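Everything numeric here is computed off the predicted structure, so don't read it as measured data. In what follows, every heavy atom counts, from backbone to side chain, and hydrogens, waters and symmetry copies are set aside.
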Amino acid sequence: EICIRDRYITRQESMGTIQISEDVVASISSSVALETEGVGGLLNANMADLVGGKKMTAKGVRVEMAEDGVVVNLFLMIRYGFAIAEVAQKVQNAVYSALEGMTGFPVKAVNVHVGGISFD
C-alpha cells in the first residue's frame, strides 16, 4: 500500500516502511534528463510561475505525488539541430525507466515541457 505524506511517498513492507522524498524523485529525473543526448539544460525555477502554480522541487523539475503514481514535469531546453519530439520522447522513456527501477514506485506520467533552444 502506497501513502503520500509531507512530500514523501511511503510504502509499507513486511520489515518496515520505505519513504522516498520528492527531492529524490526530482534529482533522479533531472540527472537522467541531462544525460540524454540533445538536452541543452534545465530551465530555472522562474518558469514555474509561467506554467501554473506549484513550485519546482529542483531546477527544471516539478514533482506531483499521488496514491496511483508519481507525475514528473520536466522543463528543459533542447540543443539546436536536434529533433525536439525525438529528444522529448527519449527523456520520457529514460526518466520513466529510471524512476520505476530506482524507487520501485509506479510512475503515472513524465511530461516534458520544451521552453527553449540551446546553442551551446
Indicate yes or no for a side-chain donor-acceptor contact from Thr17 to the backbone of Glu13 under 3.5 Å, with no hydrogens or angles considered.
no
Please list, chain by chain and in numerical order, all residues satisfying salt bridge (Lys or Arg N to Asp or Glu O under 4.0 Å) with Glu37, sequence neighbours excluded.
none
When the side chains of residues 70-88 are checked against the rest of the protein, which donor-acceptor pairs come out under 3.5 Å, sequence neighbours left out?
{"residue": "Asn73", "atom": "OD1", "partner": "Asn111", "partner atom": "ND2", "Å": "3.2"}
{"residue": "Asn73", "atom": "OD1", "partner": "His113", "partner atom": "NE2", "Å": "2.9"}
{"residue": "Asn73", "atom": "ND2", "partner": "Glu64", "partner atom": "OE2", "Å": "3.3"}

Starting at OG of Ser29, measure out to CE of Met102 and round the result to the nearest 0.5 Å.
10.0 Å
In the structure I gave you, are the side-chain heavy atoms of Val112 and Val114 within less than 4.5 Å of one another anywhere?
yes
Under the criterion side-chain contact (heavy atoms from CB on, under 4.5 Å), I'd like the reasoning laid out for Tyr8 against Ile20: C-alpha separation, chi angles, the key distance, then a yes or no.
CA-CA 5 Å; Tyr8 280 84; Ile20 300 177; 5.8 Å; no
For the backbone of Ile9 and the side chain of Gln19, can you confirm whether one donor and one acceptor N or O come within less than 3.5 Å of each other?
no
N/O donor to acceptor pairs below 3.5 angstrom from side-chain atoms of residues 89-99, sequence neighbours left out:
{"residue": "Gln92", "atom": "NE2", "partner": "Val110", "partner atom": "O", "Å": "2.9"}
{"residue": "Asn93", "atom": "ND2", "partner": "Gln89", "partner atom": "O", "Å": "3.3"}
{"residue": "Ser97", "atom": "OG", "partner": "Asn93", "partner atom": "O", "Å": "3.1"}

Could you tell me whether the side chain of Ser30 reaches within less than 4.5 Å of the side chain of Lys59, counting heavy atoms only?
no
Member of Val61, Thr103, Asp23 meeting the side-chain contact (heavy atoms from CB on, under 4.5 Å) criterion with Ile28
Thr103
